[in-house]
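Following: one structure in structure tokens, then a few remarks.
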2 protein chains.
Amino acid sequence: MAKAVTEKTISRKKQIVSVATRLFHEKGYHATSMRHLAEQLGMEAASLYNHISGKDELLQQICFDMATHYNAHMEQVENASSTAIERVEKLVRFHIGMMLSHFEEVYVTNRDWKHLKEPLLANFLQQRKAYEKRFATLVEKAVLSREIQAVHPHAAVLTILSAVRGIEFWQRNPRNISAEQLEEDMVKILLNGLRK
Amino acid sequence: MAKAVTEKTISRKKQIVSVATRLFHEKGYHATSMRHLAEQLGMEAASLYNHISGKDELLQQICFDMATHYNAHMEQVENASSTAIERVEKLVRFHIGMMLSHFEEVYVTNRDWKHLKEPLLANFLQQRKAYEKRFATLVEKAVLSREIQAVHPHAAVLTILSAVRGIEFWQRNPRNISAEQLEEDMVKILLNGLRK
DNA sequence: ATATTTTACTAACAAGCGTTAGTTTTGCAG
DNA sequence: CTGCAAAACTAACGCTTGTTAGTAAAATAT
């Protein structure tokens, strides 16, 4: 054999996914063409197919990478020794942190997962649903132990997850307020909103 | 003259915009083709151009309709005789109501405004920015009159607007919880979160 | 150094896109 | 009933899309 699937092969592929993430974020999945993507990488569109099977795969890589990342963190939070409300706060801060440090991937996943193709679309949706369920269970525990007020756990999760998503507006216009203050204010509103 | 621009002409155009809204919501702006849109209306793609100038115009109609709607309501709230926090609550409930009653238009506007073409894209962004500014001013007044805790007004607006956007997840899966309870829980979390 | 594999290239495909031109049908006004 | 405008049709345009085939260059292993 000539070269195992090591370093450079992988790094080239990762590079492609990385640039694709940026373009998908800027223009959206369907409005991004393989030719434009190739151009940004200094190559021809046809050459991309030496590294990936098709445009689909790029979106898959992004979305399922995120899903795996989220699930891994959820496991970690569930296994930590904390009160229920502390776990919820950890999740809130994690999601805020992801929006700040992995903005483009999160953004693309949130907006373009709809364009995944069918066996994987169902898989993705199921993972997302399961994640929200685990999140809701943690909120429910905090309600039952009277650490927070009586809200429907699903409504709380919905509110939290989407509030955090709003950081995308801040990313477009980050001058008014620092990332740290945004995080603190957002945690303040959401956690104080849940408390009694 | 044969027929003024009345009833039927307008209603046909509105019908087109209405179906386009549904398709844009389902598939996104770029993934929706004029041929598919026409098919859903029982006509040929070319016939659409007797009613609209192009695909762009459909997106414009949707986005600027929403912007006008929002601005009109903002004016109404500003002129109402209420405390600052009451105004904020009115806005929160208005946005929740819009997500529930005009879901598809709001969704498409939120996601696809990026694809507006240039003189109008700038116009839209400026309107959006101005709206957020007016919203933030109301929050700031509530902070200054000590009705709510000291948060950065922009962070609060960001949190509120995006939390409400999360109703799109509920729309996909409305069995777990009623619209009314969702609204009450969301208002509870957000308003209680703002209060001291 | 040679053999082998990986990666890039050029050229082209079939399909789909938004849109226009020209024509026929429909439907209301006089 | 006639005339005219609105709204549908067919056909086609130029262009872009994702992707494949075949080949040349580059990089690696022995």
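Here is how names work: the chains are called A, B, and so on, in the same order as the sequence lines, proteins then strands, and each is numbered from 1.
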Classify Ser47(A) by what it touches in the nucleic acid, base, sugar-phosphate, or nothing, heavy-atom distance under 4.0 Å.
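Ser47(A): base contact, heavy atoms under 4.0 Å.
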Name the nucleic acid region contacted by Thr32(A), choosing base, sugar-phosphate or nothing; use a 4.0 angstrom heavy-atom cut-off, strictly under.
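Touches sugar-phosphate only.
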Find the distance [X]:[atom1] to [N]:[atom2] and express it as a whole number of Å.
| X | N | atom1 | atom2 | result |
| --- | --- | --- | --- | --- |
| Met43(B) | dA6(D) | CE | P | 15 Å |
| Leu58(A) | dG18(D) | CG | C1' | 12 Å |
| His36(B) | dG18(C) | NE2 | C1' | 16 Å |
| Leu37(A) | dG18(D) | CG | P | 9 Å |
| Asp56(B) | dC17(C) | CG | P | 16 Å |
| Asn50(B) | dG18(C) | CG | P | 17 Å |
| His30(A) | dT16(D) | NE2 | P | 18 Å |
| Tyr49(B) | dT23(C) | OH | P | 21 Å |

Establish, with yes or no, whether the OP1 or OP2 oxygen of dG16(C) is under 4.0 angstrom from a side-chain nitrogen or oxygen of Ser33(B).
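Result: no.
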Can you check whether Arg12(A) has a side-chain N or O nearer than 4.0 Å to OP1 or OP2 of dT6(C)?
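It does not, given that no N or O in the side chain of Arg12(A) lies less than 4.0 Å from OP1 or OP2 of dT6(C).
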Quick test: give all pairs of protein nitrogen or oxygen and nucleotides 11-13 of chain C nitrogen or oxygen below 3.5 Å, distance rounded to 0.1 Å.
from, atom 1, to, atom 2, distance (Å)
dA12(C), N6, Arg35(A), NH2, 3.4

Going by the rule side-chain hydrogen bond (donor to acceptor under 3.5 Å, both in side chains), which residues pair with Glu184(B) if we only count those two or more places apart in sequence or in a different chain?
Arg93(B)
Considering residues at least two apart in sequence or located in another chain, which fulfil the side-chain hydrogen bond (donor to acceptor under 3.5 Å, both in side chains) criterion with Thr68(A)?
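Thr68(A) satisfies side-chain hydrogen bond (donor to acceptor under 3.5 Å, both in side chains) with no residue once adjacent residues are dropped.
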Parallel, tilted or perpendicular: which one describes the rings of His69(B) and His102(B), with boundaries at 30° and 60°?
perpendicular
Taking the six-membered ring for Trp, are His73(B) and Phe94(B) parallel (under 30°), tilted (30 to 60°) or perpendicular (over 60°)?
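Ring orientation of His73(B) relative to Phe94(B): parallel.
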Measuring from the side chain of Lys55(B) (C-beta onward, heavy atoms only), which nucleotide among dG18(D), dT19(C), dT7(C) has the closest atom?
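Comparing dG18(D), dT19(C), dT7(C) against the side chain of Lys55(B), the answer is dT19(C).
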Other members of the hydrophobic cluster containing Leu37(B), with the 4.5 Å side-chain heavy-atom rule, please.
Ile16(B), Val17(B), Val19(B), Leu23(B), Phe24(B), Tyr29(B), Met34(B), Leu41(B), Met43(B), Leu48(B), Tyr49(B), Ile52(B), Leu58(B), Leu59(B), Ile62(B), Phe64(B), Val108(B), Trp113(B), Leu116(B), Leu120(B), Leu121(B), Phe124(B), Leu125(B)
Connected to Leu144(A), directly or through other members, by ILVMFWY side-chain contacts below 4.5 Å are none
Along DNA chain D (nearest heavy atom to each residue), the more 5'-positioned of Ala45(B) and Ser53(A)
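Comparing both residues, the 5'-ward one is Ala45(B).
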Got a sec, which residues hit ring pair (Phe, Tyr, Trp, His ring centres under 6.0 Å) with Phe103(A), two or more places apart in sequence or on another chain?
His25(A), Tyr107(A)
